[in-house]
Number of protein chains: 2
Amino acid sequence: MYTIGQLSKKTGVTVRTLDYYDEIGLLKPAAATEGGHRLYGDQEVMRLEQILALKYLGFSLEKIQLILRESPPSWEAALTEQLLMVEEEKKRLDDLHRSLQGILYSIQIEKQVNWPLIFGVMHMFQQGEREAIKVLDRYMSREQQDKMLSVNMDQHKMDQWVALIYEIRENLHESPDSPIAQQLAARWMEGVYEMFGQDDEFLSSAWNAITEESDGVMFYPMTRDVVDFITEAIKVKEKKAGEANA
Amino acid sequence: MYTIGQLSKKTGVTVRTLDYYDEIGLLKPAAATEGGHRLYGDQEVMRLEQILALKYLGFSLEKIQLILRESPPSWEAALTEQLLMVEEEKKRLDDLHRSLQGILYSIQIEKQVNWPLIFGVMHMFQQGEREAIKVLDRYMSREQQDKMLSVNMDQHKMDQWVALIYEIRENLHESPDSPIAQQLAARWMEGVYEMFGQDDEFLSSAWNAITEESDGVMFYPMTRDVVDFITEAIKVKEKKAGEANA
DNA sequence: GGTTGAACGGCACGTTACGTGCTGTTTTAT
DNA sequence: ATAAAACAGCACGTAACGTGCCGTTCAACC
């Protein structure tokens with residue numbers, strides 16, 4: 001049997017905290033001396049170690065109490081529930097991460113903070129239920145959506161895109177058949193093919209979505225002006241290619 | 001100019017909260033009536049919207065105050081810092097996720113909660129600094145480690161592995177040349193090749209690490225007994241294959 | 001120019017989750 | 001006997017974000 005001080009030393013939990021666990025009924029001593037000093041047995045040591053483990057796994061003290069009260073405890077259910085909670089939280093952080101990343105890119109492109117964009121992003125995620133995906137429903141199949149959303153550009157490729165779009169915005173005044181517009185269009189097309197391959201059906205759905213939605217925040221940084229510019233430049237490019245073939 | 005009530009209606013923030021923001025100096029009114037009623041201008045509306053946006057992005061009110069106090073605010077630095085924080089938190093959640101997932105698999109394999117395993121997992125992550133990777137250093141190159149850790153089995157494949165190991169544990173008493181042991185060894189090898197391909201050098205490093213470390217928690221559920229059993233069975237299998245070729 | 005709704009100042013309290021501090025007394029070990 | 005350890009009990013701390021309530025004053029509308 002251990003006194004509270006010995007248990008404290010053995011486990012690294014302060015006496016005061018053990019006091020507290022006793023108080024809230026999480027870890028009760030097995031016995032007491034005549035004088036009222038608390039005594040903890042091996043079972044209690046085990047229970048304390050379990051408590052610490054569950055705490056590490058992210059359970060609240062209250063939840064731990066609930067779980068340990070059952071006999072036998074439904075470990076599998078509790079752990080599964082916790083796993084789902086962690087997954088939820090991960091999803092939330094992923095959204096946050098994407099938002100921050102997107103805003104940082106927008107600063108690189110526009111060299112200033114685009115507040116309307118931020119408000120747009122906020123609303124998109126705040127009114128829950130993934131507004132984003134609902135919008136895509138109008139333009140493409142579920143598989144195509146997956147393809148679109150699963151594009152995982154690495155840092156380098158993303159930087160390239162950001163640089164390209166920045167350059168396009170700097171050159172919006174150029175005519176669509178100017179060399180610079182043609183060069184930008186070529187780089188654009190190359191990037192698109194690199195990301196999605198030659199899947200023409202998919203590209204056409206995506207292009208539809210982008211041209212229709214580019215007033216919103218959905219396809220930032222492919223804003224209306226950028227999309228229009230590149231559309232015109234590509235038209236010219238394809239016409240030229242047709243003439244060359246003829 | 002808006003009274004505090006109008007601002008509240010416009011933005012959805014309660015009067016009481018605007019009181020509070022005034023109190024902590026986060027959002028001060030632009031002016032006041034003779035009677036002392038607070039008046040907010042367009043600039044304040046903008047500032048409030050920025051505050052809400054930053055709050056959504058995970059900044060604390062205190063941090064927001066610090067950022068907005070600068071002129072001009074260093075948005076890029078603040079957002080980058082926040083991004084790093086989110087990434088840290090994501091990493092923490094990933095560890096937690098892996099721990100929970102691992103424990104759940106161990107329950108499926110052993111049909112009971114393996115507390116020593118949980119304590120082991122706890123210690124591995126608690127003493128920070130990724131103990132896990134340090135151990136691997138002794139057995140393989142950095143690239144091989146990446147290969148090992150980046151194996152992303154899907155749910156189905158993972159379930160197959162778990163089922164296989166469960167079966168192995170049920171059959172530890174079988175002789176290595178029994179049909180069942182041979183069949184288990186075959187499934188094991190097939191799974192390994194599916195995951196890592198025919199990279200013999202890598203497989204040998206990995207096998208070294210696994211046989212040496214299988215007393216610990218590092219390669220759970222490849223525990224000592226399972227690894228020994230499968231090693232023997234594979235030896236027999238290869239000997240037979242050699243004889244057949246001769 | 002009175003009624004009513006809005007806003008005021010000020011101070012305390014609430015929430016969640018987890019403890020910590022402090023005091024004065026009793027018990028235990030040596 | 002003395003000192004270290006444990007006791008009971010009650011308040012307080014932290015961190016981040018507010019909320020509740022009260023009695024008083026102001027502003028708008030008919």
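Reminder, nothing fancy here: chain letters follow the sequence lines and each chain counts from 1.
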*Asks:* How close or far is atom C1' of C:dC18 from atom CG of A:D22, stated in whole angstroms?
*Replies:*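 Value for this atom pair: 16 Å.
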*Asks:* Rounding to an integer number of Å, can you tell me how far B:Q65 CD sits from D:dC17 C1'?
*Replies:*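 Interatomic distance, CD of B:Q65 to C1' of D:dC17: 13 Å.
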*Asks:* Side-chain N or O of A:T33 versus OP1/OP2 of C:dT27: is the shortest distance under 4.0 Å?
*Replies:* no
*Asks:* Please say whether the positively charged group of B:K28, taken as NZ for Lys or CZ for Arg, lies over the ring of B:Y21, i.e. under 6.0 angstrom from the six-membered ring centre and within 45 degrees of the axis.
*Replies:*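 No - B:K28 does not lie over the ring of B:Y21 by the 6.0 Å and 45° rule.
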*Asks:* Without decimals, in angstroms, what is the distance between B:Y56 OH and D:dC17 P?
*Replies:*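 So the OH-P distance, B:Y56 to D:dC17, works out to 17 Å.
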*Asks:* Output the rounded distance in Å from OH (B:Y20) to P (D:dA15).
*Replies:* 13 Å
*Asks:* To the nearest Å, give me how far apart CE (B:M1) and P (D:dA27) are.
*Replies:* 14 Å
*Asks:* Output the rounded distance in Å from CD1 (A:I4) to P (C:dG19).
*Replies:*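 It works out to 14 Å between those atoms.
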*Asks:* Kindly say if A:T3 contacts the phosphate of C:dT28, meaning a side-chain N or O under 4.0 Å from OP1 or OP2.
*Replies:* no
*Asks:* Below 4.0 angstrom from OP1 or OP2 of C:dG19, is there any side-chain N or O of A:Y21?
*Replies:*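 Yes, because at least one side-chain N or O of A:Y21 sits under 4.0 Å from OP1 or OP2 of C:dG19.
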*Asks:* Indicate whether the side chain of A:E44 and that of A:Y2 have a donor and an acceptor atom separated by less than 3.5 Å.
*Replies:*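 No donor-acceptor contact under 3.5 Å links the two side chains.
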*Asks:* Does A:D95 come within less than 4.0 Å of A:R98, counting only side-chain N to carboxylate O?
*Replies:*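 Here A:D95 pairs with A:R98 in a salt bridge, since their nearest N and O are under 4.0 Å apart.
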*Asks:* What is the distance, to the nearest angstrom, from the CG atom on A:D19 to the C1' atom on D:dA5?
*Replies:*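 Going from CG in A:D19 over to C1' in D:dA5 covers 12 Å.
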*Asks:* Answer with base, sugar-phosphate or nothing: what part of the nucleic acid does A:K55 contact at a heavy-atom distance below 4.0 Å?
*Replies:*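 Touches sugar-phosphate only.
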*Asks:* Please figure out whether B:H37 or B:E62 has its closest DNA chain D nucleotide nearer the 5' end.
*Replies:* B:E62
*Asks:* Of A:E170, A:E167, A:R169, which meets side chain to side chain contact (heavy atoms under 4.5 Å, CB included) against A:I109?
*Replies:*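 Single pass found, and it is A:R169.
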*Asks:* Nearest nucleotide by nearest heavy atom, which residue falls closer to the 5' end of DNA chain C, B:E23 or B:K9?
*Replies:* B:K9
*Asks:* Rounded to whole Å, how long is the line connecting atom CG of B:L39 with atom P of C:dA7?
*Replies:* 10 Å
*Asks:* Is B:R38 near enough to C:dC8 that one of its side-chain N or O atoms lies under 4.0 angstrom from OP1 or OP2?
*Replies:*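 So the side-chain polar atoms of B:R38 do come within 4.0 Å of the phosphate oxygens OP1 or OP2 of C:dC8, strictly under.
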*Asks:* Any idea which of D:dT19, C:dT20, D:dA6 is nearest the A:T17 side chain?
*Replies:*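 Of D:dT19, C:dT20, D:dA6, C:dT20 is nearest to the side chain of A:T17.
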*Asks:* My understanding is that only one of A:I64, A:L57, A:V13 makes a side chain to side chain contact (heavy atoms under 4.5 Å, CB included) with A:L52; could you say which?
*Replies:*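 Testing A:L52 for a side chain to side chain contact (heavy atoms under 4.5 Å, CB included) against A:I64, A:L57, A:V13 leaves exactly one candidate, A:V13.
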*Asks:* Looking only at side-chain N and O atoms, does B:T14 come under 4.0 Å of OP1 or OP2 in D:dT19?
*Replies:*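 For D:dT19, OP1 or OP2 has a side-chain N or O of B:T14 closer than 4.0 Å.
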